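These numbers were taken from a predicted model, which means no experiment stands behind them. Hydrogens, waters and symmetry mates play no part in the numbers below; they use all other heavy atoms, side chains included. The sequence lines fix the lettering, A, B, ..., with proteins before strands; numbering per chain opens at 1.
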Amino acid sequence: DAGVTQSPTHLIKTRGQHVTLRCSPISGHKSVSWYQQVLGQGPQFIFQYYEKEERGRGNFPDRFSARQFPNYSSELNVNALLLGDSALYLCASSPNPGTGGFNEQFFGPGTRLTVL
Amino acid sequence: AQKITQTQPGMFVQEKEAVTLDCTYDTSDPSYGLFWYKQPSSGEMIFLIYQGSYDQQNATEGRYSLNFQKARKSANLVISASQLGDSAMYFCAMRGFQGGSEKLVFGKGMKLTVNP
């Protein structure tokens, strides 16, 4: 079975530009979460989507937005890019969030964004 | 709020030796889950092991075991018989809830290097 896929693998943008990152969850998983991992740090939660609705967001500015499509794939959009947005963006899928207990999030390989 | 602390920036271990990676956590929730992930240089987060706060026994998964000391709020990962392929970043994480979302709260990670 295919795991979580993300595209593109790498991306270089300049300040002020807009970027769209894409994620396809594991088949059957209805929840997608996005994380930002700055170099030398652990991943930071950005968004979680479940059944096409936003379940919650982390402490990120409104320049960050996301959506989930009927096939449960997801896009993360970042407007007005800043140098500090350079990071590895990870997508994770899970089957049924919020049920407590063990609920593994399966991560994709990430998109490495560089803002110049 | 949940917090994960990993104070070891890096460790070196000889192949075939055991190694312990430290993790302490803080939460006010009576029910919580703790995870360990491995992140090789490729970037993908690989799930290793999970410990639920009400689990009576320490979790084990092959060469990985979790030394869970609830009173001390520690969840150290023990890797037995280290292999060269174990060289990677290791992250301790806790399941947290923000609004209606379920998220992982990660520590800063630590770099493990296995020497031949």
A.B. asks: Quick one: of A:Gly40, A:Ser33, A:Gly108, A:Gly110, who has the most non-hydrogen atom pairs under 4.5 Å with chain B?
C.D. replies: A:Gly108
A.B. asks: If you compare all heavy atoms of B:Glu44 against all heavy atoms of A:Phe107, which two are closest, and at what distance to 0.1 Å?
C.D. replies: OE2-O, 3.3 Å
A.B. asks: Please classify the contact between A:Tyr35 and chain B as side chain, backbone, both or neither, with a heavy-atom cut-off of under 4.5 Å.
C.D. replies: side chain
A.B. asks: Decide whether B:Ile49 and B:Val78 are clustered together by the hydrophobic rule: side chain heavy atoms of Ile, Leu, Val, Met, Phe, Trp, Tyr closer than 4.5 Å, transitively.
C.D. replies: no
A.B. asks: Take atom CZ in A:Arg15; do more than 12 heavy atoms of anything else shown fall under 6.0 Å from it?
C.D. replies: no
A.B. asks: Measure A:Gln37 against the heavy atoms of chain B and call it side chain, backbone, both or neither at under 4.5 Å.
C.D. replies: side chain
A.B. asks: Around atom CZ of A:Phe69, are there more than 12 heavy atoms of other residues, nucleotides or ligands at under 6.0 Å?
C.D. replies: yes
A.B. asks: Report whether B:Leu66 and B:Val13 are members of the same hydrophobic cluster (ILVMFWY, side-chain heavy atoms less than 4.5 Å apart, transitive linking).
C.D. replies: yes
A.B. asks: Counting neighbours of CD on A:Glu53 that are heavy atoms of other residues, nucleotides or ligands and sit closer than 6.0 Å, is the number greater than 12?
C.D. replies: no
A.B. asks: To the nearest 0.5 Å, what is the distance between CD on A:Gln44 and NZ on B:Lys103?
C.D. replies: 8.5 Å
A.B. asks: Taking atom CG of A:Asn59 as the centre, does the number of heavy atoms from other residues, nucleotides or ligands within less than 6.0 Å exceed 12?
C.D. replies: no
A.B. asks: Any chance CG of B:Leu84 has more than 12 other-residue heavy atoms, nucleotides or ligands included, within less than 6.0 Å?
C.D. replies: yes
A.B. asks: Quick one: are A:Gln105 and B:Phe47 in side-chain contact, heavy atoms under 4.5 Å?
C.D. replies: no
A.B. asks: Inspect the surroundings of NZ in B:Lys16 and state if more than 12 heavy atoms from other residues, nucleotides or ligands are less than 6.0 Å away.
C.D. replies: no
A.B. asks: So if I take each residue of residues 106-116 of chain B and look for any heavy atom under 4.5 Å from a heavy atom in chain A, which residues do I end up with?
C.D. replies: B:Phe106, B:Gly107, B:Lys108
A.B. asks: Can you confirm whether B:Tyr37 sits close enough to A:Pro43 that some side-chain heavy atom of one is under 4.5 Å from a side-chain heavy atom of the other?
C.D. replies: no
A.B. asks: Is the closest side-chain heavy-atom distance between A:Gln48 and B:Glu102 below 4.5 Å?
C.D. replies: yes
A.B. asks: Answer with yes or no whether the hydrophobic clustering places B:Tyr90 together with B:Val105; edges join I, L, V, M, F, W, Y residues whose side-chain heavy atoms lie under 4.5 Å apart.
C.D. replies: no
A.B. asks: A quick test of your reading: do over 12 heavy atoms of other residues, nucleotides or ligands sit less than 6.0 Å from CD of B:Gln14?
C.D. replies: yes
A.B. asks: Side chain from CB out, backbone as N, CA, C, O: work out which of these in B:Gln39 comes under 4.5 Å of a heavy atom of chain A, or both, or neither.
C.D. replies: side chain
